[in-house]
Amino acid sequence: MNEAVQTSSTFTPRVFSGIQPSGGLTLGNYLGAMKRFVDMQEAGTHETVFCMVDLHAITVWQDPVKLQRATRELCAGFIAAGIDPKKSILFNQSAAPEHAQLAWIFNCVARMGWMQRMTQWKDKAGKNSQNASLGLFAYPALMAADILIYHATHVPVGEDQKQHLELTRDVATKFNHDYGVDFFPITEPVIEGAATRVMSFRDGTKKMSKSDPSDASRINMTDNADTIAKKIRKAKTDPEALPSEAKGLEERPEARNLVNIYAGLSGLTVDQVLADVGGKQFSEFKPMLSDLAVSKLSPISTEMARLMEHQDEIDKILAHGAGQAREIAAPILKRTYEIVGMVGA
């Protein structure tokens, strides 16, 4: 083993995560990702690197003007939610070409069978797989590169992203084995929190999504206070009172979703929430949830709107973050090339 290669025990504790700038941030993005990112930033135990993954967005066709706006809006959302560019690295993926360069190496490490087994490939391509883009098929290798180009040791993921992180671990393991090194960390998932998977207000068995044709199914991070309150008031529920313990929510998806959202916004556990609201009807609980949601989310939507009026400032933040990201990524890519045997790396 080359003496210059970093060993797993000496990797800098570092978190990486990204969100696609596909437009329309929802409460699910906030509770499932952004709020958790802020908590990790403030904990101060890891370096934090957060990214608008615009290269992933174009695996399906995007209107260029809308993609630019969505990227800036996502950056505004990160900042409004509490990501501080002075504490975290914040940038858009395409501004750090090392991501795509390492992805090519990983395309040559990953196996076709690994990609074909990916659930999201099956779901998104479906029966039309022959007409899907090569990028859509191969993008888990780019996701692995996003993480490993920073030697990220931890990635906050939702349940639906665990498979992608498992592939990242497989890529790192195979690369290390193939070249007889201990160069890439075996990244650990961080799955926590009551509302890491926020469900639709219309159907508690389906994930809250910006692609749902019903705007009433979700809270958008750009919604004002009145709209937030109205959507919560009309959210689907059942006729039973709230239980006093989590076990009572097992067969009640809509009730579980609203309680999870309350827990996520308040920073309480589900059991702590139910200890307080157990026995209440939804006619009592929904106003409590509405007041909490408005108090937490309205300042974010207001700040996002303010930031979008100053897009030059957003662009400066992104450019600065890209410079910081590349300071980490460039030497890792250079060493990867040397390990693989690229002349002049």
Side-chain angles (χ1 to χ4, degrees), residues 17 19 23-43 48 50 73-85 87-88 90 156 158 190-202 204 207-210 212 215-237 242 246 249 254-277 280 282-308:
S17 196
I19 299 176
L25 283 172
T26 71
L27 176 64
N29 297 122
Y30 175 67
L31 287 180
M34 289 179 166
K35 184 176 183 295
R36 301 168 69 204
F37 297 170
V38 173
D39 292 342
M40 289 181 170
Q41 169 189 273
E42 296 307 317
T48 45
F50 301 119
E73 184 177 81
L74 178 54
C75 181
F78 271 110
I79 297 168
I83 295 299
D84 184 346
K87 296 180 180 179
S88 296
L90 184 62
V190 181
I191 303 172
E192 58 185 19
T196 55
R197 188 172 173 85
V198 179
M199 312 308 282
S200 166
F201 283 165
R202 301 286 87 196
K207 190 175 179 180
M208 183 178 285
S209 171
K210 59 181 173 288
D212 192 308
D215 189 60
S217 69
R218 60 186 171 270
I219 289 177
N220 304 301
M221 293 305 292
T222 53
D223 286 343
N224 62 30
D226 289 342
T227 302
I228 292 169
K230 181 180 179 181
K231 288 180 177 179
I232 291 174
R233 187 170 64 249
K234 293 190 173 183
K236 183 180 178 182
T237 55
L242 286 163
L249 296 171
E254 284 79 23
R256 183 172 63 245
N257 186 41
L258 295 186
V259 171
N260 280 347
I261 290 170
Y262 191 99
L265 288 171
S266 64
L268 301 173
T269 66
V270 168
D271 286 331
Q272 287 172 326
V273 173
L274 292 176
D276 184 42
V277 303
K280 292 184 184 294
F282 282 101
S283 58
E284 296 177 83
F285 179 65
K286 281 185 174 181
M288 294 173 60
L289 176 57
S290 177
D291 289 347
L292 176 63
V294 167
S295 69
K296 296 290 186 180
L297 302 179
S298 285
I300 296 175
S301 64
T302 300
E303 178 63 4
M304 283 180 66
R306 188 194 70 78
L307 287 166
M308 287 300 286

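Residue indices begin at 1 and follow the sequence shown. Hydrogens, waters and symmetry mates are skipped; everything else that's a heavy atom, side chains included, is used.
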Q: State, to 0.1 Å, how close Pro156 and Met40 come at their nearest heavy-atom pair, and which atoms those are.
A: CB-CE, 3.6 Å

Q) Do the non-hydrogen side-chain atoms of Arg202 and Asp212 ever get within less than 4.5 Å of each other? A) no

Q.
Between Arg306 and Thr302 (side chain of the first, backbone of the second, donor and acceptor by atom type, cut-off under 3.5 Å), is there such a pair?
A. no

(Q) Could you tell me if the side chain of Met199 sits less than 4.5 Å from the side chain of Glu254, heavy atoms only? (A) no

Q) Is Thr26 close to Val198 at the side-chain level, that is, under 4.5 Å between some pair of heavy atoms? A) no

Q: Please lay out, stage by stage, how Leu249 and Asn260 fare under the test side chain to side chain contact (heavy atoms under 4.5 Å, CB included).
A: CA-CA 10 Å; Leu249 296 171; Asn260 280 347; 5.6 Å; no

Q: Report yes or no: does Asn224 contribute a side-chain atom to a donor-acceptor pair with the main-chain N or O of Asp226 at less than 3.5 Å?
A: yes

Q. Any side-chain heavy-atom pair from Leu242 and Phe282 closer than 4.5 angstrom?
A. yes

**Q.** Asp276 side chain reached by Met288 side chain, heavy atoms, under 4.5 Å
**A.** yes

**Q.** From Lys207 atom NZ to Ser200 atom OG, the distance as rounded to the nearest 0.5 Å
**A.** 12.5 Å

(Q) Would you call the rings of Phe285 and Tyr262 parallel, tilted or perpendicular, taking 30° and 60° as the class edges? (A) tilted

(Q) Main chain of Pro85, side chain of Ser88: is a donor-acceptor contact present, judged purely on distance under 3.5 Å? (A) no

Q. With sequence neighbours left out, what residues match Asp291 under side chain to side chain contact (heavy atoms under 4.5 Å, CB included)?
A. none

Q. What closest approach, in Å, do Val38 and Ala81 show between heavy atoms, and which atom pair accounts for it?
A. CG2-O, 3.3 Å

Q.
For the CG atom of Leu292 and the CG atom of Leu297, what is their distance to the nearest 0.5 Å?
A. 8.0 Å

Q. Roughly how far, to the nearest 0.5 Å, is the CG atom of Asp84 from the CD atom of Gln41?
A. 5.5 Å

Q) Which distance, rounded to the nearest 0.5 Å, do you find between the NZ of Lys286 and the NZ of Lys234? A) 10.5 Å

Q) Residues two or more places apart in sequence or in another chain: which of them pass ring pair (Phe, Tyr, Trp, His ring centres under 6.0 Å) with Phe201? A) none

(Q) Checking the side chain of Lys231 only, and the main-chain atoms of Asp215 only, is there a donor and an acceptor separated by less than 3.5 Å? (A) yes

Q: Identify the heavy atoms of Leu307 and Ala76 that sit nearest to each other, and give their distance.
A: CD1-O, 3.6 Å

Q: Flag the pair Ile232 / Ile261 as yes when at least one side-chain heavy-atom distance between them is below 4.5 Å, and no otherwise.
A: no

Q | Side chains of Leu25 and Met34 in contact at under 4.5 Å (non-hydrogen atoms) | A | yes

Q) Atom CG of Leu265 and atom CG of Leu31: how far apart are they, to the nearest 0.5 Å? A) 5.0 Å

Q.
Are the side chains of Phe37 and Thr48 in contact, using a 4.5 Å heavy-atom criterion?
A. no

Q. Hey, what do you get for SG (Cys75) to CE (Met304), rounding to the nearest 0.5 Å?
A. 10.0 Å

Q | Heavy-atom pair with the smallest gap, counting every atom of Ser298 and Ile228 | A | OG-CD1, 4.4 Å

